2 protein chains.
Amino acid sequence: MTNTSTSPHRAARAPRRDAAENRIAILDAAISELNHNPDASLETIASAAGLSRRSIYGHFSTRDELVAELNDRGIARVTAALAPIRHDDARVALALVGARLWSEVEDVRVTAQLAIRGPRREIVAEGLDPVRRGVLAIVEQGVAAGQLRTDIEPRTLARLIEGAALSVLDEAVRDDISHGEGHRLVILVALSTAGLSWREAAELIDASPELALEAQPPASSRLSERSAGARP
Amino acid sequence: MTNTSTSPHRAARAPRRDAAENRIAILDAAISELNHNPDASLETIASAAGLSRRSIYGHFSTRDELVAELNDRGIARVTAALAPIRHDDARVALALVGARLWSEVEDVRVTAQLAIRGPRREIVAEGLDPVRRGVLAIVEQGVAAGQLRTDIEPRTLARLIEGAALSVLDEAVRDDISHGEGHRLVILVALSTAGLSWREAAELIDASPELALEAQPPASSRLSERSAGARP
DNA sequence: AATAACTTGCACACTCATGTGCAAGTTATC
DNA sequence: GATAACTTGCACATGAGTGTGCAAGTTATT
């Protein structure tokens, strides 16, 4: 396998820059191909990346290794997006969780589902644990402040809110919802699940400029900007 | 393939009863094995059914045919459970949709997800269309009666409610939620998504005896009651 | 321009699953 | 108890995907 890291010793020459780019191209292609079909072959991924199957093995010794790296990057992305969320009003914080999740995962829904429910789910769950703790903390804060429902155990409620947000992603697949509408829906659903009536949710959103679409930080960018198209 | 139907002509003898039982055993085993691992092989399914792989081909000419029949039965089950739902109060009707869905799909969550999102999704969607129309009709009725939220388009809202119910199923996988708790949660989540606050939901539930766990019709029974255990 | 770093194409070994053919058993049904 | 209806085990063909070795190319870097 190609050694991309800067070896401490014995580097007759530095690794080539284009190799690193190809590595990114592979990851990128893998994201979109696996999102299209979770069982996509390396052949498919390679050609979407504009490379030969053989050369994938120059970057990843195994299919599993490739998938694992994809998961790791996804986890890092989500963690980075959700960890900094903090707000006095737990309801606003939860709405923000939904919104950030939406913008990060929007274009990798299928892969995300697979990561969460597929064979690697335990490892992924472990990686996602800090995020989950964060959401749980928000819920507990909200319950303590009397802002959230108390008819569902905080632990369960936290999961349900995550799940509700993800289900918006799923519906978005079918209806091809716009970025803006997805943003709006995911916030509404998060607040509804948290226990607010739809009118309360509307009030809260009106009163909270930080929930506006324009107030959101840009999603951590994709690895590269090429549209992954295979060429014959 | 074995001809289970009563042929009009040329039946030297009636098909054997145990063959029909085995067919059911295969379907049953397929349900639970595929729910455990959506890529389970026929070998796995066969041995879970207590049969040899070879004899599966006596009942289904193809793996696809087996899966297709599974889907058809699932669709029929869900349709049968949801179609008769009717109630003056759309909110109660939606809660019932959630509850019935829960009891029908509870033990086949993974398979259900696969059916809805997997390679057969289009065919499944077609089969599920009547159910979806039904839910949509309830939502429209509720909007017209001023019982439901109006900040989300009925079509979308209908989907979101379905999705919310399904996400309870997902959470149930992790937490190993009891039948009763699942019933309660799915109703709460459906009502929340429909726009009610958690206190309004509680009031409605209190006032609606038909939502009680005990008031539910039994789930259309599984094909057989054997626990699907493979024997070496 | 020399050379190490990559990519490629091909051949090959391997695994795993599907689907068939057939002969030899069992077993329900008549 | 005769017989058709099933089941089984085995051998075999097929196909798809993964991972490796290697020789022959390209290309970035020095």
Side-chain angles (χ1 to χ4, degrees), chain A residues 1-7 9-27 29-30 33-34 36-70 119 230-232, chain B residues 1-7 9-27 29-30 33-34 36-70 118-120 230-232:
Chain A
M1 161 177 125
T2 298
N3 187 359
T4 303
S5 67
T6 338
S7 294
H9 222 2
R10 271 289 172 186
R13 189 182 288 191
R16 283 163 49 170
R17 211 180 312 129
D18 62 332
E21 280 164 19
N22 284 339
R23 192 168 200 277
I24 302 295
I26 292 170
L27 287 165
E33 291 301 318
L34 290 178
H36 181 66
N37 165 23
D39 290 323
S41 70
L42 290 184
E43 181 68 48
T44 308
I45 293 171
S47 81
L51 295 176
S52 69
R53 178 177 77 95
R54 188 63 185 78
S55 65
I56 285 190
Y57 289 100
H59 297 277
F60 305 92
S61 64
T62 271
R63 182 202 172 84
D64 269 11
E65 198 176 295
L66 169 56
V67 173
E69 176 149 349
L70 242 36
R231 55 179 160 191
Chain B
M1 166 176 118
T2 298
N3 188 0
T4 304
S5 68
T6 338
S7 294
H9 222 1
R10 271 289 170 188
R13 189 180 288 190
R16 281 162 51 170
R17 211 180 315 130
D18 61 333
E21 280 164 18
N22 284 339
R23 192 168 200 278
I24 301 295
I26 293 169
L27 287 166
E33 290 302 318
L34 291 177
H36 181 67
N37 166 22
D39 291 324
S41 70
L42 291 184
E43 181 67 48
T44 308
I45 293 171
S47 81
L51 295 177
S52 70
R53 179 177 77 93
R54 187 62 185 81
S55 65
I56 286 190
Y57 290 100
H59 297 278
F60 305 92
S61 63
T62 271
R63 180 201 174 84
D64 269 10
E65 200 176 293
L66 170 57
V67 173
E69 175 148 348
L70 241 35
R120 297 184 58 80
R231 54 179 159 189

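In this text the structure is predicted, and so the values were computed from the model without any measurement. Proteins get letters first, then strands, A, B, ... in listed order; numbering begins at 1 in each.
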Within this structure, what is the [atom1]-to-[atom2] distance between [X] and [N], rounded to whole angstrom?
{"X": "B/Arg23", "N": "D/dC6", "atom1": "CZ", "atom2": "P", "result": "11 Å"}
{"X": "B/Leu66", "N": "C/dA17", "atom1": "CG", "atom2": "P", "result": "16 Å"}
{"X": "B/Tyr57", "N": "C/dG21", "atom1": "OH", "atom2": "P", "result": "12 Å"}
{"X": "B/Leu42", "N": "C/dA17", "atom1": "CG", "atom2": "C1'", "result": "8 Å"}
{"X": "A/Asn22", "N": "D/dT27", "atom1": "CG", "atom2": "C1'", "result": "11 Å"}
{"X": "B/Glu43", "N": "D/dC10", "atom1": "CD", "atom2": "P", "result": "12 Å"}
{"X": "B/Arg13", "N": "C/dA28", "atom1": "CZ", "atom2": "P", "result": "12 Å"}
{"X": "B/Arg54", "N": "D/dG9", "atom1": "CZ", "atom2": "P", "result": "12 Å"}

Determine whether a donor-acceptor pair (one donor, one acceptor, N or O, separation below 3.5 Å) exists between the side chain of B/Arg53 and the base of D/dG9.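 Flag unset: no donor-acceptor pair detected.
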Between the base of D/dA28 and the side chain of A/Arg16, is there a donor and acceptor pair under 3.5 angstrom?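 When only heavy-atom distances are counted, A/Arg16 does not reach the base of D/dA28 through any donor-acceptor pair under 3.5 Å.
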Determine whether [X] and [Y] make a side-chain contact, defined as any pair of heavy atoms from C-beta on separated by less than 4.5 Å.
{"X": "B/Ile45", "Y": "B/Leu34", "value": "yes"}
{"X": "B/Leu42", "Y": "B/Leu66", "value": "yes"}
{"X": "B/Phe60", "Y": "B/Arg63", "value": "no"}

How is A/Arg63 classified with respect to the nucleic acid when contacts are heavy atoms under 4.0 Å: base, sugar-phosphate, or nothing?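 Sugar-phosphate only.
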Which part of the nucleic acid, if any, lies within reach of B/Arg17 when heavy atoms closer than 4.0 Å are counted: base, sugar-phosphate only, or nothing?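 It contacts sugar-phosphate atoms only.
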Is any NZ, NE, NH1 or NH2 atom of the basic residue among A/Glu69 and A/Arg23 found under 4.0 Å from an Asp or Glu carboxylate oxygen of the other?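 Salt bridge: yes.
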Give a yes/no on whether any side-chain N or O of [X] is located under 4.0 angstrom from OP1 or OP2 of [N].
{"X": "B/His59", "N": "D/dT7", "result": "yes"}
{"X": "B/Thr62", "N": "C/dG19", "result": "yes"}
{"X": "B/Ser55", "N": "D/dT8", "result": "yes"}

Under the side-chain contact (heavy atoms from CB on, under 4.5 Å) rule, what do A/Leu51 and A/Ile26 come out as? Steps first, then yes or no, please. CA-CA 8 Å; A/Leu51 295 176; A/Ile26 292 170; 3.7 Å; yes
